[in-house]
2 protein chains.
Amino acid sequence: MKRHQVTIVDIAKQLNLSKSTVSRALTGHPSVHAATRQAVLELAEQLDYQRNMLAISLITNKTNTIGIIVPEFSSSFFPNVIIGAQEIASKAGYNTVICQSNETYETEVANTKVMLANQVDGLLVSITKETKNFDHLKVFQRKGIPIVFFNRVCDDMDVPKVIVDDFDGAYRAVTHLIESGRKRIAHLSGPPALKISEKRLNGYKAALRKNNIELDEELVIPYDLSLEKVPIYVNHLLNLDNPPDAIFAINDPTAIEIIQVIKKRGLKVPKDIAVVGFSNDYASGLIDPALTTVSQPVKEMGKTAAQLLLDQMNRDVADWKSIIRVLKTELIVRNSS
Amino acid sequence: MKRHQVTIVDIAKQLNLSKSTVSRALTGHPSVHAATRQAVLELAEQLDYQRNMLAISLITNKTNTIGIIVPEFSSSFFPNVIIGAQEIASKAGYNTVICQSNETYETEVANTKVMLANQVDGLLVSITKETKNFDHLKVFQRKGIPIVFFNRVCDDMDVPKVIVDDFDGAYRAVTHLIESGRKRIAHLSGPPALKISEKRLNGYKAALRKNNIELDEELVIPYDLSLEKVPIYVNHLLNLDNPPDAIFAINDPTAIEIIQVIKKRGLKVPKDIAVVGFSNDYASGLIDPALTTVSQPVKEMGKTAAQLLLDQMNRDVADWKSIIRVLKTELIVRNSS
DNA sequence: TCACCCTTGATGAAGCGGCACCAGGTAACT
DNA sequence: AGTTACCTGGTGCCGCTTCATCAAGGGTGA
């Protein structure tokens, strides 16, 4: 049960003014006597008055809030993207509302409803691994609320996107493995529905082809990113008649898990099997052996996405652009390869 | 520039109804003809109608939103607390607005203003390392908006708090070091203003006393949690005439940094120097050597804090409680000690 | 000195989108 | 005809902005 909150009417009454005058004093309108303004500001301060943004937003049809929907929160990737995005957003005077979809489509849909109900001025999204239908996101476009995708994007929506060059990153990672003498390189891939899975897989394939290594389908395993399943797939690979001498993982958490499994089996990384990840998460440089990985500019991605969104919000719906910003990756060679 | 949004008036017009009827149909009021309700719901669906929570909140004086203010976002600790808190909050139908204070007092104050302006129904806070004045938080109490502190709490406010038993955790960590034969145990402590620093320091001291080891003030270094300064302090300790044979760190990121510095100097962990942390962050089990640390129930902390807040929100201001929930820690012995 | 206009500072009312309460109106039953 | 149950309409209001008004005073020219 909240108490009565202080409103401009309270201030107006105490100073014998109309609420319009108080409102103008507070918003810095010029046609207000300096003494009056002073009195209003002082009393407001004294009463802990806070403008009710709900009321203001209702009038201006603008909440100064941008929504961010991410699939999860537990690796370092998304929190860092959010840090970058918040930095840009708050500089521009925007607050952020963050939702996790927990990698499930239903939750993502629910999240978008929350965002709509709360009238966000724009939306930053990275979709779940399950999301195949995009109607819940297209609603925003129809309503004139700009969307920007980052990392995990939707191909059939014509909106700004921020991604890294997944193909190139994967290509270079695998090339590096080949150049260090690996012949049988496995790939623990992500859900085929995700573009990043597809592109990294293509980079992997291209690197093999370029080096005249025949693709062995047996060595490519798509999985749903549930870390607890990694041991199954790794053990399967290691039990093959002709096991791989290297594994390229869709991302760092997976790679880290792979290394744990390999070590548990008594094999040595990289002597017996090399492992390469993708992301350069915080933990990657710390584990033993330190993980070779493809670093992506995470915070930068958040910043870029937020900036694209702000740009879009400042445009008329008719002038909306659909820029795709591709950020560069960098291969970081450490001890796991 | 947003387009016109669909309102109940639009629906009312198209169906030749009054907006009251539409409102009642939408909110599930019983006294609406089934056919009418059906028509309203269908049209609403078709027009992508979304209730405007701003308007509703303005009327009900309730936003169904709880605010969370955390100092940072870059270690795994706070994101995990948030995961727990969001789980409980969303089950109870509440959204969350998250702000980072970036460990600075000014930002924290600004964050509280945002929370007030957005009319949050309750607030979860972990203060910055700088925060010594609490007026900006006391405002919430005066306005009848409940606050719950977690992890980093404010002692002179009578509100619910969730902490771990920092004293006990530190005591057991240091006791463990002593029992494994360490004689000169240093402590890289946190800012003295933070209760957790003080309590962990006290636990450290108590363990020494209990084992008749004299406290050497030279070995206790308070620092401001800026990781980039860790090398300075560690090198200082290692350069002492009588250097320590163990370091107990205020938290895991610090301990991890300490290990890096020690390794860089060519010394061995734990042979030359043992290191113990506090938190059991994700990375702690992965580094080499795996970090001995005091694990705290992070997600649990978020859940408990959120639950205490919900409880408080359901009480009248007069009945507010100020429970302090102390969660248990657990010593996890790994290879760094 | 007076009528007029302009400026300054303040007021009043409408309305943003929705809910809740008070009034009706209609049809069916007593 | 009166009562009841069912539906539906109208209005006020949540806190605030904004536009149209207006009163008071100062300056100007005849």
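Proteins come first, then strands; the chains are lettered A, B, ... in the order of their sequence lines, and each starts at number 1. As the structure is a computational prediction, the values presented were derived from the model and not from experiment.
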A.B. asks: Looking at C/dT11, I'd like to know if its phosphate oxygens (OP1 or OP2) sit under 4.0 Å from a side-chain N or O belonging to A/Ser20.
C.D. replies: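 Looking at the OP1 and OP2 atoms of C/dT11, neither is under 4.0 Å from any side-chain N or O of A/Ser20.
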A.B. asks: Using only heavy-atom distances, decide whether a donor-acceptor pair under 3.5 angstrom links the side-chain of B/Lys19 to the base of C/dG18.
C.D. replies: yes
A.B. asks: Using a 4.5 Å cut-off on heavy atoms from C-beta on, say whether the side chain of B/Lys299 contacts that of B/Val81.
C.D. replies: no
A.B. asks: Is there a side-chain polar atom (N or O) of A/Ser18 under 4.0 Å from OP1 or OP2 of C/dT11?
C.D. replies: yes
A.B. asks: Just compare C/dA10, C/dG17, C/dA14 and give me whichever is closest to any side-chain atom of B/Asn52.
C.D. replies: C/dG17
A.B. asks: Rounding to a whole Å, what distance do you find between A/Leu54:CG and D/dC16:C1'?
C.D. replies: 11 Å
A.B. asks: Is there a side-chain polar atom (N or O) of B/Thr36 under 4.0 Å from OP1 or OP2 of D/dT8?
C.D. replies: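 True: B/Thr36 side-chain N/O within range (under 4.0 Å) of D/dT8 OP1/OP2.
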A.B. asks: Base, sugar-phosphate, or nothing for B/Leu17, non-hydrogen atoms under 4.0 angstrom?
C.D. replies: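 The residue B/Leu17 makes sugar-phosphate contact but no base contact.
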A.B. asks: Got a sec: does the CG of A/Asn133 have more than 12 other heavy atoms crowding it under 6.0 Å?
C.D. replies: yes
A.B. asks: C/dA10 C1' sits how many Å from A/Arg37 CZ, rounded?
C.D. replies: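 Interatomic distance, CZ of A/Arg37 to C1' of C/dA10: 13 Å.
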A.B. asks: What nucleotide among D/dT8, D/dC16, C/dC19 has an atom nearest to a side-chain atom of B/Val32?
C.D. replies: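 Of all the options, the side chain of B/Val32 is nearest to D/dT8.
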A.B. asks: Pick base, sugar-phosphate or nothing for B/Thr60, based on heavy-atom distances below 4.0 Å to the nucleic acid.
C.D. replies: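 Nothing, no heavy atom under 4.0 Å.
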A.B. asks: Are side-chain heavy atoms of A/Val159 and A/Trp320 found at a separation under 4.5 Å?
C.D. replies: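 A/Val159 vs A/Trp320: side chains apart.
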A.B. asks: Counting only side-chain N and O atoms of A/Tyr49, is one of them less than 4.0 Å from OP1 or OP2 of D/dG15?
C.D. replies: no
A.B. asks: Go through B/Gln38 and B/Glu42 one step at a time and tell me if the side-chain hydrogen bond (donor to acceptor under 3.5 Å, both in side chains) criterion holds.
C.D. replies: CA-CA 6 Å; B/Gln38 187 60 22; B/Glu42 268 170 22; 3.0 Å; yes
A.B. asks: Under 4.0 angstrom, heavy atoms only, what part of the nucleic acid is B/Thr27 near: base, sugar-phosphate, or nothing?
C.D. replies: sugar-phosphate
A.B. asks: Ignoring backbone atoms, test whether A/Thr21 places a side-chain nitrogen or oxygen under 4.0 Å from the OP1 or OP2 oxygen of C/dA10.
C.D. replies: no
A.B. asks: Nearest whole Å is fine: how far is D/dG9 P from B/Ile8 CD1?
C.D. replies: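 To the nearest whole Å, that distance equals 12 Å.
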A.B. asks: Any non-hydrogen side-chain atom of A/Arg152 less than 4.5 Å from a side-chain atom of A/Val125?
C.D. replies: no
A.B. asks: Quantified as the angle between the terminal helix axes (five pairs each), what is the overall bend of the helix from C/dT1-D/dA30 to C/dT30-D/dA1 to 10 degrees?
C.D. replies: 70°
A.B. asks: For B/His29 and B/Ala55, take the nucleotide of DNA chain D holding the closest heavy atom to each; which residue's nucleotide lies nearer the 5' end?
C.D. replies: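 Per heavy-atom nearest nucleotide, the more 5' residue is B/His29.
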A.B. asks: Would you say the side chain of A/Ser31 and the base of C/dG9 hold a donor-acceptor pair, judged only by whether the two atoms sit under 3.5 Å apart?
C.D. replies: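 There is none.
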A.B. asks: C/dT26 P sits how many Å from B/His33 NE2, rounded?
C.D. replies: 17 Å
A.B. asks: Can you check the A/Leu58 CG to C/dC19 P distance for me, whole Å?
C.D. replies: 12 Å
A.B. asks: Regarding A/Lys138 and A/Asp156, does a basic nitrogen lie under 4.0 Å from an acidic carboxylate oxygen?
C.D. replies: yes
A.B. asks: Does the side chain of B/Arg51 get closer than 4.0 angstrom to OP1 or OP2 of C/dC19 through an N or O atom?
C.D. replies: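 Yes, such a contact exists.
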A.B. asks: Between P on C/dG18 and CG on B/Asn64, what's the gap in Å once rounded to a whole number?
C.D. replies: 16 Å
A.B. asks: Output, in order, the C-alpha distance, side-chain angles, deciding distance and verdict of side-chain contact (heavy atoms from CB on, under 4.5 Å) for B/Phe78 and B/Gln100.
C.D. replies: CA-CA 10 Å; B/Phe78 288 109; B/Gln100 302 174 69; over 6 Å; no
A.B. asks: Is it the case that more than 12 heavy atoms not belonging to B/Lys13 sit under 6.0 Å from its NZ atom?
C.D. replies: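 No - once you tally the heavy atoms of other residues, nucleotides and ligands closer than 6.0 Å, there are 12 at most.
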A.B. asks: Base, sugar-phosphate alone, or nothing: which one does A/Asp10 contact when heavy atoms must sit under 4.0 Å apart?
C.D. replies: nothing
A.B. asks: Quick one: A/Ile11 CD1 to D/dC16 C1', roughly how many Å, whole number?
C.D. replies: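 The distance from CD1 of A/Ile11 to C1' of D/dC16 comes to 12 Å, rounded to the nearest Å.
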A.B. asks: Tell me, do A/Glu72 and A/Phe77 make a side-chain contact under 4.5 Å, heavy atoms counted?
C.D. replies: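 Side-chain contact under 4.5 Å: no.
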A.B. asks: Taking any heavy-atom pair under 4.0 Å as a contact, classify B/Ile56: base, sugar-phosphate, or nothing.
C.D. replies: sugar-phosphate
A.B. asks: B/Lys62 has an atom NZ; how far is it from atom P of C/dC19, in whole Å?
C.D. replies: 15 Å
A.B. asks: Is any side-chain N or O of B/Arg24 under 3.5 Å from a base N or O of C/dG18, one able to act as donor and the other as acceptor?
C.D. replies: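 Per atom types, no contact qualifies.
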